[in-house]
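Each residue takes its place number in the sequence, starting with 1.
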Amino acid sequence: MKVVRLFEDNMFKYELQAIQALNLDLEMVVRPSQTPSEIIENAKDADIIITVYEPLTKEVLSQLPNLKLVVYRSIGFNSVDLAYANERQLPVSHITQYCVDEVANYVVAAILSHNRRILDFNQSVKVDHKWDYELFPDMRRLSSLTVGLIGFGNIPRLVAQRLQVFGCKVMAYDPFVPAEVFANAGVTQVSLEEIFAHSDYISSHLPLNDSTKEMLNATLFNLCENQPVFINSSRGGVVNEKDLVAALQSGKLSYAILDVVHSEDPDLSKLPFMQMDNVVLTPHIAFYSQEAFIQGVQDNFKNIQAFLNGDLAHAEIVNLKQIQA
């Protein structure tokens with residue numbers, strides 16, 4: 001079987017090591033492809049494709065006759081037309097444990113950095129040439145504050161675990177998680193509206209799909225009572241950016257720390273947050289570490305092995321129920 005990776009990185013030797021370690025009979029090739037036409041041309045002989053952001057539209061998938069499995073080297077899988085994949089009985093795999101440590105640590109680092117105003121004091125000293133420890137008289141002890149998590153999957157559960165060491169209250173919203181999971185984690189289960197009404201820090205962990213697109217908008221931002229800090233390390237598309245800008249300008253939100261925006265390759269000259277002093281931007285790096293990359297490769301090929309063995313239940317197939325219906 002031929003495996004085609006659709007993006008460039010430096011993980012090829014680790015892929016070959018994984019193939020050898022798992023004793024898989026696979027031919028591995030790398031063909032970077034960004035546009036639909038490039039994917040169709042470069043993956044026309046692929047049995048399996050490995051992807052992250054590449055557009056796997058119905059038009060693309062319908063012209064890949066050999067394709068038997070789509071593999072995401074990411075937790076998210078929003079660039080595939082899942083409805084068409086279901087129609088075609090095409091399994092789509094992702095990796096649920098990839099970079100969970102890194103993203104959880106990013107969120108906690110964002111909270112701690114803001115809570116102690118590290119970046120803002122550095123700006124004051126180095127740029128404004130002020131040595132003023134009373135610059136932010138509203139600074140609060142973290143243990144007196146509340147953190148609201150939107151979603152309570154693997155990453156936010158780690159965030160909660162880490163934050164509880166600091167003594168702050170943690171609450172979370174996730175309609176797909178049983179109540180006992182919240183209880184066992186020592187996290188208060190609340191509605192999405194309560195997250196915005198009562199949190200001091202709000203962290204989004206939503207996947208991007210049709211039901212979550214621009215789900216975080218003015219209706220929710222206007223509920224804020226504590227001028228919270230908004231953190232997004234999930235997907236930019238879950239936020240209505242115009243509403244977010246308005247909330248930051250009006251003071252409904254006091255601050256934002258954004259690892260993701262509406263595009264994975266934004267035009268920085270048009271990005272509204274660039275001139276806002278109460279926004280910190282990072283270029284989608286919350287997931288990033290060499291260890292995470294290597295784990296991602298290993299988990300990809302473990303899933304491929306499970307698929308080839310007919311063990312779909314252990315191949316992390318996101319549409320398993322649909323293709324088996």
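In this structure the side chain of His205 reaches within 4.5 angstrom of the side chain of Val159, judged on heavy atoms. Between Val107 and Ile111, some side-chain heavy-atom pair lies under the 4.5 Å cut-off. Residues Leu312 and Phe307 are in side-chain contact: their nearest non-hydrogen atoms beyond the backbone lie under 4.5 Å apart.
Asp259 places a side-chain N or O within donor-acceptor distance of the main-chain N or O of Ile285, the cut-off being under 3.5 Å. No donor-acceptor distance shorter than 3.5 angstrom exists from the side chain of Glu214 to the backbone of Val238, with no hydrogens or angles considered.
Going from atom CZ of Phe230 over to atom CG of Leu216 covers 5.0 Å, rounded to the nearest 0.5 Å. From Met28, atom CE reaches atom CE of Met1 across 14.5 Å, with rounding to the nearest 0.5 Å. Here the CG-CG distance, from Leu281 to Leu271, works out to 6.0 Å after rounding to the nearest 0.5 Å. From Ser113, atom OG reaches atom OH of Tyr106 across 9.5 Å, with rounding to the nearest 0.5 Å. Separating the CD1 atom in Ile231 from the OG atom in Ser204 is a distance of 10.5 Å, to the nearest 0.5 Å. Note: His284 NE2 to Ser234 OG = 8.5 Å, rounded to the nearest 0.5 Å.
Ion pair Lys2/Asp47 not flagged as a salt bridge, since none of the NZ, NE, NH1 or NH2 atoms sits closer than 4.0 Å to an Asp/Glu carboxylate oxygen. A salt bridge links Arg73 with Asp9: the distance from a Lys NZ or Arg NE/NH1/NH2 to an Asp or Glu carboxylate oxygen falls below 4.0 Å. Between Glu225 and Lys252 there is no salt bridge, since none of the side-chain N atoms of the basic residue sits less than 4.0 Å from a carboxylate O of the acidic one.
A side chain to side chain contact (heavy atoms under 4.5 Å, CB included) with Arg235 holds for exactly one of Ile75, Asn78, Val261; it is Asn78. With Leu308 as the fixed residue, the side chain to side chain contact (heavy atoms under 4.5 Å, CB included) test singles out one of Asn303, Leu26, Asp25, Leu22: Leu26.
Under 3.5 Å, the side chains of Thr96 and Glu316 contain a donor-acceptor pair of N or O atoms. If you check the side chains of Asn86 and Asn319, you find a donor sitting under 3.5 Å from an acceptor. Side-chain contact of Asp299 with Gln295: a donor-acceptor pair under 3.5 Å is present, judged by distance alone. Checking Arg162 against Asn105 by side-chain atom types alone, a donor-acceptor pair falls below 3.5 Å. Side chains of Asp81 and Thr57: a donor-acceptor N/O pair is absent below 3.5 angstrom, by distance only.
For Phe152 and Phe182, the ring centers are positioned less than 6.0 Å apart.
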Note to self: Working note: Glu180 + Asn184, criterion side-chain hydrogen bond (donor to acceptor under 3.5 Å, both in side chains); need CA distance, chi angles, decisive distance, verdict.
What the structure shows: CA-CA 6 Å; Glu180 58 266 26; Asn184 291 338; over 6 Å; no
Next item on the list: Kindly determine whether Asp200 and Lys169 satisfy salt bridge (Lys or Arg N to Asp or Glu O under 4.0 Å), including the steps that lead there.
Entry: CA-CA 10 Å; Asp200 299 290; Lys169 178 182 177 182; over 6 Å; no
Note to self: For Asn209 and Ser211: C-alpha separation, side-chain torsions, deciding distance, then whether side-chain hydrogen bond (donor to acceptor under 3.5 Å, both in side chains) applies.
What the structure shows: CA-CA 6 Å; Asn209 53 47; Ser211 63; 2.7 Å; yes
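Taking every heavy atom of both residues into account, Ser233 and Val103 meet most closely at OG-CG1, 3.5 Å. Closest non-hydrogen pair, Leu320 versus Ala313, comes out as CD2-CA, 4.1 Å. Smallest separation of non-hydrogen atoms from Ser33 and Asn42: OG-ND2, 2.8 Å. The two residues Gln189 and Val177 make their nearest non-hydrogen contact at NE2-O, 4.0 Å.
Tyr133 belongs to no hydrophobic cluster with other residues, because no ILVMFWY side-chain heavy atom falls under 4.5 Å from its own, directly or through intermediates. Taking Ile, Leu, Val, Met, Phe, Trp and Tyr as hydrophobic and joining them when side-chain heavy atoms fall under 4.5 Å apart, one finds Phe77 in a cluster with Val4, Leu6, Val29, Ile39, Ile40, Ile49, Leu56, Val60, Leu61, Leu64, Leu67, Val70, Tyr72, Val80, Leu82, Tyr84, Leu90, Val92, Val318.
Applying the side chain to side chain contact (heavy atoms under 4.5 Å, CB included) criterion to Asp138, with sequence neighbours excluded, gives Arg117, Phe136.
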